[in-house]
Amino acid sequence: MELLYSICVGVLVACGVFLILRARSFPIVLGLTMLSYAVNLFLFASGRLSINHAAILGTNEQYADPLPQALVLTAIVIGFAMTAFSVILSIRARADLGNDYVNSEQKPSARIGVKK
Amino acid sequence: MQHLVAFPVLFPLLSALLLLLPPCGKNMKIRRWASSLFALISFAISIVLLTNVLENGPATYAIGNWQAPFGIVLTADLLSLTLTSLASFLSFCCILYSSAGDDEKGNFFHPLVHFLLMGVSGAFLTGDIFNLFVFFEVLLIASYSLLMHAGDKRNTRAALHYVIINLVGSAIFLISLGTLYGVIGSLNMQDMAVRITQLSGDDIQIAKIGGSLILIVFALKAALLPLHLWLPNTYSTAMPVIAALFAIMTKVGIYSIMRVYNLLFAADSGPLAALGQDWLWYAALATIAVGTFGVLASQNMRKLIANLVVVSAGTLIALVSLQQAAATAAAIYYLIHSTLVCAALFLVIDLVSNQRGKLADRITTGRPVKQGLVLGFGFFIAALTVIGMPPLSGFVGKIWILKSTYELGEYQLFWPVYLVSSLLLLVAVTRAGSIVFWQNKQTEADKSEFKPAHISKLVSTYLLIAASPLLVIFAKPMTEFCQQAAMQLHNVSWMTQAAGGL
């Protein structure tokens with residue numbers, strides 16, 4: 001389970017970083033979303049992975065650490081707000097600048113020589 | 001009285017909400033008065049707390065009476081209260097300045113300033129590292145909106161960069177928190193400081209990774225090379241009054257490094273002692289150098305000041321990375337001085353550029369500044385301060401920094417970098433000032449509209465500038481105060497006791 005879990009987190013981070021480096025605002029928003037999913041999963045795992053353990057004392061023989069769950073909840077809420085803001089900002093940037101390139105007027109793929 | 005510790009956080013929240021409600025929400029005049037008043041009250045609260053802590057020693061406050069390490073605590077020592085006072089004073093000046101009309105150029109200026117103040121004060125006061133993250137986000141989302149205030153196209157791109165880099169920073173912050181929590185098992189900073197000494201085996205390596213990540217995040221906020229690239233653009237495209245307000249935000253990063261360095265990576269904290277110290281030291285020196293080149297290369301005044309902010313951040317981090325109370329005391333003095341003077345410069349330059357027509361703040365020969373004497377005098381004082389010429393506060397700070405690094409034996413590299421940088425700053429700033437104020441040519445369009453600077457703008461600018469002579473006149477009590485604050489920061493035993501005798 002740990003292996004599968006860490007591979008998931010790793011793949012999500014890799015996708016997120018790749019998308020952020022695309023230097024176009026909408027892929028970046030998607031990348032940031034993926035990154036925040038990965039972060040949420042990672043935070044959750046910091047309390048160790050366990051099955052059938054309640055997060056409340058006294059309901060079960062064995063219990064899970066409740067703190068990471070509270071942290072994830074906070075991180076989700078904050079991440080959601082930030083994603084909403086970055087979506088709005090990207091739409092505004094698209095309208096103001098006439099394109100969705102983050103760094104310059106030039107198309108990013110033309111600069112680094114990637115095929116369409 | 002004990003509940004007062006929470007007020008620097010709660011009061012700005014309350015005032016921001018009140019400013020959205022009917023009497024203040026509709027009527028601009030009432031809103032301005034109320035907003036200034038609230039900022040003054042926040043300042044008063046911080047000062048009252050500060051005098052209280054001076055008399056009775058540092059205080060901790062368990063929110064909801066949930067005891068540490070399980071609950072979230074606020075810790076109020078001299079350093080954090082100095083910084084909250086500084087932040088509320090700065091926001092008072094900026095609110096006063098914006099009341100001359102800048103606040104009407106967009107929506108919700110006043111509530112957002114108070115939310116920003118809440119986030120900043122919270123970050124300074126909190127004793128819980130996850131709570132620090134939450135307050136970072138509070139101040140960031142307020143700053144995102146303020147950055148877009150009265151924005152144009154140029155502004156949008158800078159805001160996009162700023163938002164994206166900070167969102168990535170937040171993700172890294174969370175990863176580092178998860179890593180640290182995974183091995184240490186606590187998020188209360190004092191508790192972490194104790195538990196970190198008990199780590200063994202592979203856990204040490206994992207904790208080092210977490211600690212390095214958290215330093216990267218703070219370095220990003222503090223604008224340390226190579227993570228400083230966002231700062232000049234952001235600060236020079238934001239509205240000047242907002243850039244002035246942002247002068248406190250890099251200081252949040254520096255404060256966090258100070259705090260973390262003295263609790264988690266303190267010299268006696270076992271396996272993680274002085275984590276990344278060399279990196280910070282050399283990166284800070286490089287930041288001073290690169291910031292200085294930025295100042296030299298700046299084509300307009302706002303960018304020049306933004307680069308001065310980078311130089312001051314580099315200086316501060318160099319001092320912090322020495323991890324000695326003597327250097328920290330100098331850093332605290334320099335921090336107060338540099339925040340106020342950079343904010344003052346942003347405001348002065350805004351006043352100047354309003355009177356130069358299309359040239360705005362570009363460093364070129366143009367029409368004369370209308371109120372050359374009033375504004376020129378302000379610029380002169382602020383520029384002397386920021387360069388560190390006698391007899392103003394910059395000079396005291398500079399001498400103190402040189403002295404403390406000499407005594408700590410770290411002068412071989414620091415002195416040349418810092419002194420050459422000061423010389424180059426002197427050249428760049430005097431050149432810029434003399435071109436803007438003295439090299440004039442009369443043109444046809446000159447006779448057109450002339451609006452003298454609004455009185456509240458002048459008052460708020462001079463309030464900030466006046467801090468510099470005051471810091472010199474009261475240099476002795478200030479010096480003793482900074483030393484006391486630094487001692488308190490370095491001597492963490494009171495904190496661990498406060499965390500429940502762990």
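Numbers restart at 1 for each chain; the letters A, B, ... are given by sequence-line order, proteins then strands.
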S36(A), A75(A), P68(A): which one forms the most heavy-atom pairs within less than 4.5 Å of chain B?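 Counting heavy-atom pairs under 4.5 Å, the top option is P68(A).
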
Greatest number of heavy atom pairs closer than 4.5 Å to chain B - which of N40(A), T83(A), L67(A), V17(A):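 Looking at each option in turn, the highest pair count goes to L67(A).
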
[X] portion near chain A, given a 4.5 angstrom heavy-atom threshold:
{"X": "V138(B)", "value": "neither"}
{"X": "I172(B)", "value": "neither"}
{"X": "F130(B)", "value": "side chain"}

Step through it carefully: locate the ring centre of F133(B), locate the ring centre of F136(B), and say whether they are under 6.0 Å apart.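 Aromatic pair excluded; centres sit 6.0 Å or further apart.
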
Quick check on the interface: out of A171(B), A159(B), S170(B), S145(B), who has the most heavy-atom pairs with chain A under 4.5 Å?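 The residue among A171(B), A159(B), S170(B), S145(B) with the greatest pair count is A171(B).
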
Crowding at OH, Y144(B) (>12 non-hydrogen neighbours, <6.0 Å):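 Atom OH in Y144(B) is crowded, with more than 12 foreign heavy atoms closer than 6.0 Å.
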
Neighbour count above 12 (heavy atom, 6.0 Å) for F26(A) CZ: yes

Taking the six-membered ring for Trp, are Y162(B) and W230(B) parallel (under 30°), tilted (30 to 60°) or perpendicular (over 60°)?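 Rings of Y162(B) and W230(B): tilted, as their planes differ by 30° to 60°.
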
Take the angle between the ring planes of H149(B) and F109(B) and call it parallel below 30°, perpendicular above 60°, tilted in between. tilted

Is there a donor-acceptor contact under 3.5 Å from the side chain of R302(B) to the main chain of A238(B)?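 Here the side-chain-to-backbone pair exists.
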
At a 4.5 Å cut-off on heavy atoms, which part of L32(A) comes close to chain B: side chain, backbone, both, or neither? side chain

